[in-house]
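First comes the structure, then the notes that go with it.
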Protein chains: 2
Amino acid sequence: MKKYNIPVEAALEVIGGKWKVVILCHLIKGKKRTSELKRLMPGITQKMLTQQLRELEEDNVILREVYNQVPPKVEYSLTDYGWSLKQILDLLCHWGEQHIEKTFDNPEDMVVQINEE
Amino acid sequence: MKKYNIPVEAALEVIGGKWKVVILCHLIKGKKRTSELKRLMPGITQKMLTQQLRELEEDNVILREVYNQVPPKVEYSLTDYGWSLKQILDLLCHWGEQHIEKTFDNPEDMVVQINEE
DNA sequence: CGGAATCCCCCAAGATACTG
DNA sequence: CAGTATCTTGGGGGATTCCG
C-alpha cells in the first residue's frame, strides 16, 4: 500500500501530472471534446493528452462520455469529485496571472490568446 | 520570451517541480534547516533538494539564510511572496487528506508519521 | 553540515504511423 | 475524430565522491 510522508503528496498524485492542472482548468469552463482540448493545449501530444485524461478518469476527477457515432465524438467534463478542486484551480489560475504581472513588463504579451469559440 | 497558453502555466512553472509543493508545505510550519527538510522528505536526494530549493529561491518564493560558522548552518523560510501561496498550499494539503480518507479503508496507515521535534 | 561535481541509467515524453 | 502502437531520445534524477 502506498505510503505518504505528508498528506499533500496524495493530492499531487492526482493533479501532479505534467498537464493535469491545465486540463482541469480548461474543463472548469465546461465540457470539452478531445479536439478542443488539443487545440487549447498546442504543446501537448495526442499520446500525452490521452494518457493524462485516462489517469484523471481513473482518479474519478473527470468523466469521459463516448458517443457511438461516425466520426467519433468524446467529451470530457469534471465529476462532482473533480469540482471539489475548483477553488484550488481558481486560486492557481489567479496566482499565475498575478505572477505574470509581477514578473514581466508587458504581461499581455506572455499569454498566447486562443479563441475558445 | 516565454509564452503561456493559459496563465496557470506560470504558476506551475514556479511550484510545479516534483518536490516543490512538499517543500513549501513544510516551510509553512516554519523555518527549516537543510537537514530537517531532508529528514522530513526521506525520498528526496541531496541533489534534488538543493536543486528545488535553488529554483524556489530564484523565483523569490523562499529565503535562504547562511550562517557563517562551522559546521555550516543554512535555514530556509518563506518570503512574503511565498506566503501568497499559503491558501493554495493549505487547500492542497486539506484536499490530500480528504482524498486519502475517501480512497482508503485505513487512512491512518497511509501516512508515515515523522516526529517533527 | 551543506552542497558542488561526476557519472550514468532509465523512462517520461516526443515523433511517427496506423486503425476503427 | 479519437485513440493505439512502436520506436526513439534527452534530460530528469539517482548514486557516489569530494570540498570548505
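Values in this document were obtained by computation on a predicted structure and should not be read as measured data. Values below: all heavy atoms of this structure, side chains included; hydrogens, waters and symmetry mates excluded. Letters go in sequence order (proteins before strands), and every chain restarts at 1.
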Check your understanding: Can you list the residues that meet the side chain to side chain contact (heavy atoms under 4.5 Å, CB included) rule with Leu63(A), with sequence neighbours excluded?
Key -> Glu65(A), Ser77(A), Thr79(A)
**Study point:** Heavy-atom pair with the smallest gap, counting every atom of Lys20(B) and Leu56(B)
**Key:** CD-CD2, 3.8 Å
Check your understanding: Which pair of heavy atoms, one from Pro7(B) and one from Ile100(A), lies closest together, and at what distance?
Key -> CA-CD1, 4.1 Å
Check your understanding: Partners of Glu57(A) by salt bridge (Lys or Arg N to Asp or Glu O under 4.0 Å), sequence neighbours excluded?
Key -> none
Check your understanding: Where is the tightest heavy-atom contact between Ile62(A) and Leu53(A), given as atom of each residue plus distance?
Key -> CD1-O, 3.4 Å
Practice item. Report the end-to-end axis angle of the helix from dC1(C)-dG20(D) to dG20(C)-dC1(D); each axis comes from five terminal pairs, and the value is rounded to 10°. Key: 50°
Review point. Just one of Gln46(B), Lys47(B), Gln52(B) clears the side-chain hydrogen bond (donor to acceptor under 3.5 Å, both in side chains) bar with Thr50(B), so which one?
Key: Gln46(B)
Review point. Residues two or more places apart in sequence or in another chain: which of them pass side chain to side chain contact (heavy atoms under 4.5 Å, CB included) with Leu12(B)?
Key: Val21(A), Val22(A)
Study note, to complete from the structure: Those residues at least two apart in sequence (or on a different chain) that pass side chain to side chain donor-acceptor pair (under 3.5 Å) with Gln51(B) are none
Study note, to complete from the structure: Counted 5' to 3', the first and last nucleotides of DNA chain D within 4.0 Å (strictly under) of a heavy-atom of chain B are dG13(D) to dG20(D)
Exercise for review: Using heavy atoms and a sub-4.0 Å distance, could you list which residues of residues 53-71 of chain B are near DNA chain C? By number, please.
Suggested key: Arg54(B), Arg64(B), Pro71(B)
Which atom pairs, donor and acceptor, lie under 3.5 Å between side-chain atoms of residues 81-95 of chain A and protein residues at least two apart or in another chain?
unit_1: Tyr81(A); atom_1: OH; unit_2: His99(B); atom_2: ND1; d: 2.5
unit_1: Ser84(A); atom_1: OG; unit_2: Tyr81(A); atom_2: O; d: 2.5
unit_1: Ser84(A); atom_1: OG; unit_2: Trp95(B); atom_2: NE1; d: 2.9
unit_1: Lys86(A); atom_1: NZ; unit_2: Asp90(A); atom_2: OD2; d: 2.5
unit_1: His94(A); atom_1: NE2; unit_2: Gln98(A); atom_2: NE2; d: 3.4
unit_1: Trp95(A); atom_1: NE1; unit_2: Ser84(B); atom_2: OG; d: 2.9

Check your understanding: Counting only side-chain N and O atoms of Thr50(B), is one of them less than 4.0 Å from OP1 or OP2 of dG2(C)?
Key -> no
Exercise for review: Sequence neighbours left out, what passes side chain to side chain donor-acceptor pair (under 3.5 Å) with Lys73(B)? Give chain and number order.
Suggested key: none
Point to revise | Atom-to-atom span, CD of Gln46(B) to C1' of dA4(C) - whole angstrom | key: 9 Å
Check your understanding: At under 4.0 Å, does any side-chain N or O of Arg33(B) touch on OP1 or OP2 of dG2(C)?
Key -> yes
Exercise for review: For Tyr67(A), enumerate each residue passing the ring-ring contact (aromatic ring centres under 6.0 Å, His included) test, keeping only those at least two apart in sequence or located in another chain.
Suggested key: none
Point to revise | Residue list, ring-ring contact (aromatic ring centres under 6.0 Å, His included) with Trp19(B), at least two apart or on another chain | key: none
Check your understanding: Can you hop from Val70(A) to Val74(A) via hydrophobic side chains spaced under 4.5 Å?
Key -> no
Check the interface with nucleotides 12-15 of chain C: list each N/O to N/O pair with the protein under 3.5 Å, or write none.
unit_1: dA13(C); atom_1: N7; unit_2: Lys47(A); atom_2: NZ; d: 3.3
unit_1: dG14(C); atom_1: N7; unit_2: Lys47(A); atom_2: NZ; d: 3.4
unit_1: dG14(C); atom_1: O6; unit_2: Lys47(A); atom_2: NZ; d: 2.4

